[in-house]
2 protein chains.
Amino acid sequence: MAGADKRERLVAATEEIILRDGYAAVSSRRVAAAVGIQASLVHYYFPTLDELFVAVLRRRSGRAVERMSSILAGPEPMRAWWRAASDPRGSVLMTELIAAAHRRPALHDEVARIASELRRVQVGALESLLPQYGLDPAKFPPVFVATAIQGMAYAVVQDETSGFDTRPDEARAAIERFVDVLEAQRAGLTARAVAD
Amino acid sequence: MAGADKRERLVAATEEIILRDGYAAVSSRRVAAAVGIQASLVHYYFPTLDELFVAVLRRRSGRAVERMSSILAGPEPMRAWWRAASDPRGSVLMTELIAAAHRRPALHDEVARIASELRRVQVGALESLLPQYGLDPAKFPPVFVATAIQGMAYAVVQDETSGFDTRPDEARAAIERFVDVLEAQRAGLTARAVAD
DNA sequence: GTCTATATTGAGATAGAC
DNA sequence: GTCTATCTCAATATAGAC
C-alpha cells in the first residue's frame with residue numbers, strides 16, 4: 001500500500017480516537033487496530049507518538065493561518081469567525097492537543113507557534129474591523145475581542161460535547177443573535193461610509 | 001499516621017501532579033512517591049484511581065456552589081466572579097478534570113452535576129443583577145454572560161499557563177478594565193435607584 | 001512495507017505478612 | 001495502616017525475518 005496513504009489513515013484514525021476518548025486514549029496499539037495493521041508499523045511511520053500528535057495538529061491547522069486571514073477578509077468576518085471557532089470537532093481537538101502538549105515538548109512548541117500566529121493575524125485584522133462594527137478599540141481592544149470569541153467557543157463546545165446541563169444551546173443562540181446584531185451594524189455603518 | 005490526614009495528603013499531591021503535568025501523569029506509583037509511601041497504600045485509601053480523581057474534584061469544588069452564591073450576593077459580583085473564574089489553579093484544574101472525565105464515568109457525572117448547579121445559581125442571580133449593570137437581558141441573557149465570563153477565563157488562563165505568545169496579559173488587563181466600567185455603572189445605577 | 005517477536009518499562013490492582 | 005511481593009496487562013520502542 002502507498003506509504004502516503006497509510007500515513008494519512010494513521011493520522012485520521014488518531015484524530016478520531018482523540019475526539020472520541022481524549023488524547024490519553026491514543027496508543028500505538030489502538031491506532032494500529034483502528035487502521036488494521038500491527039502496532040510496530042505505526043512506529044515505522046511515526047517513530048515516536050509525539051510525531052504522530054504533531055501530524056494530527058498539522059493536518060488540522062496546516063492552513064489555519066491562511067483560513068483565518070480569508071475569514072477576516074470575507075464579507076461577514078465575525079459570523080465566519082464564530083462559526084469556525086465554535087465548530088465542535090476543531091474546538092475539541094485543539095483543547096485535547098493543548099492538554100496533550102503539557103507533556104510533549106515538540107507538540108507544545110508547534111501549538112504555541114500556531115496560537116501566536118493566529119492571534120497576530122486576528123489582532124491585525126481587528127484593528128480596522130472593530131470601528132466598522134461600531135466597537136471602540138479603547139474599550140474593547142483587539143486582544144479582548146479575540147479572547148472573547150475563542151473563550152466563548154471553548155465554553156459552549158465543551159458544555160455541548162460533555163453533555164453538561166448548563167444550557168449551552170441557549171448560550172449559542174444568544175451569541176449568534178449578538179453576531180447578527182454586529183453584522184447588521186457593520187452593514188449599516190459601512191453603507192453610510194460609502195454614501196459619504 | 002491518622003488516616004484522614006493521609007487521605008488529604010494524597011489528594012493534595014494528586015492535585016499538584018495534575019497542575020504540573022496534567023491528569024495523564026497521575027498514577028498510583030507517582031502519587032505514592034510524592035507522599036512518601038508505597039503504591040499499594042494508595043489503593044488502600046482509594047481502591048480505584050477514579051475515586052482519587054473524584055476526591056480531587058470534591059476538595060476543590062465541594063463548596064463551589066455556596067461560594068458562587070456568596071460571590072453573586074456580594075458587593076461587586078462581576079469583579080469577584082471574574083477573579084474567581086480566572087484564578088489559574090482553579091481554572092487549569094477544572095480543565096484537566098473535565099478532560100480526564102472523558103474516560104471516567106464517575107468523574108464525569110460529578111463534574112456535570114457541579115457544572116449544572118453552578119450555572120443554575122449564576123443564571124438565577126444574573127436575572128436581577130444584569131439590569132443593575134445596565135445590561136439588557138434581551139440582548140445579553142444570563143446564559144450568554146455566564147458563558148462569556150467562564151470562556152474568557154478559560155482562554156486567558158490557558159494562554160498564560162501554556163506560555164502562548166497571544167498577549168494574554170493585555171487581554172486580562174482589558175477584561176479587568178471592562179469589569180471596572182461595569183461595577184462603576186452598577187454603583188451609579190443603584191445609587192440613583194436608591195435616591196428615587 | 002509489513003510482519004513476528006521481544007525487550008523494557010510502567011500501569012492498576014490484589015494477597016498476605018506484620 | 002503499611003509494607004513487600006506479585007499478578008496481569010498494556011504501553012513505547014526496537015530487532016530482524018520476509
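The chains referred to below are lettered A, B, ... by the order of the sequence lines, with proteins before strands, and numbering in each begins at 1.
Remark: A/Arg186 is positioned above the aromatic ring of A/Tyr133, its terminal NZ or CZ atom under 6.0 angstrom from the ring centre and at most 45 degrees off the axis.
For the segment residues 47-57 of chain B, residues with any heavy atom less than 4.0 angstrom from an atom of DNA chain C are, sorted by number, B/Pro47, B/Thr48, B/Leu49. For DNA chain D, the residues of residues 22-42 of chain B within the heavy-atom distance limit of 4.0 Å (strictly under) are B/Ile37, B/Gln38, B/Ser40, B/Leu41, sorted by number.
A distance-only check finds no donor-acceptor pair linking the side chain of A/Ser61 to the backbone of A/Ala64 [under 3.5 Å]. Judged by distance alone, with hydrogens and angles left aside, the side-chain atoms of A/Thr190 form a donor-acceptor pair with the main-chain N or O of A/Ala187 at under 3.5 Å. In this structure, B/Glu183 contributes its side chain and B/Arg79 its backbone to a donor-acceptor pair below 3.5 Å.
One atom, CZ of B/Arg103, and another, P of C/dG12, lie 15 Å apart when rounded to the nearest Å. One interatomic measurement links the two molecules: OH of B/Tyr45 to P of C/dG12, which rounds to 19 Å at whole-angstrom precision. Between the C1' atom of C/dT2 and the CZ atom of A/Phe46 lies a distance of 16 Å, rounded to the nearest Å.
Dashed line: the shortest gap from a side-chain N or O of A/His43 to OP1 or OP2 of D/dT12 is not under 4.0 Å.
Every residue meeting the side chain to side chain contact (heavy atoms under 4.5 Å, CB included) condition with A/Ala146, not counting sequence neighbours, appears here in chain and number order: A/Trp81, A/Arg119, A/Gln122, A/Leu126.
A side-chain contact (heavy atoms from CB on, under 4.5 Å) with B/Glu15 is found for exactly one of B/Leu97, B/Val26, B/Leu10, B/Leu93, namely B/Leu93.
Below 30°, between 30° and 60°, or above 60°: for B/Phe178 and A/Phe144 the angle between ring planes is above 60°, a perpendicular geometry. Between B/Tyr23 and B/Phe53, the ring planes are perpendicular. Angles over 60° get that label, and only those under 30° would be called parallel.
Where A/Tyr44 and B/Ala4 each meet DNA chain D at their nearest nucleotide, the meeting point lying more 5' is that of B/Ala4.
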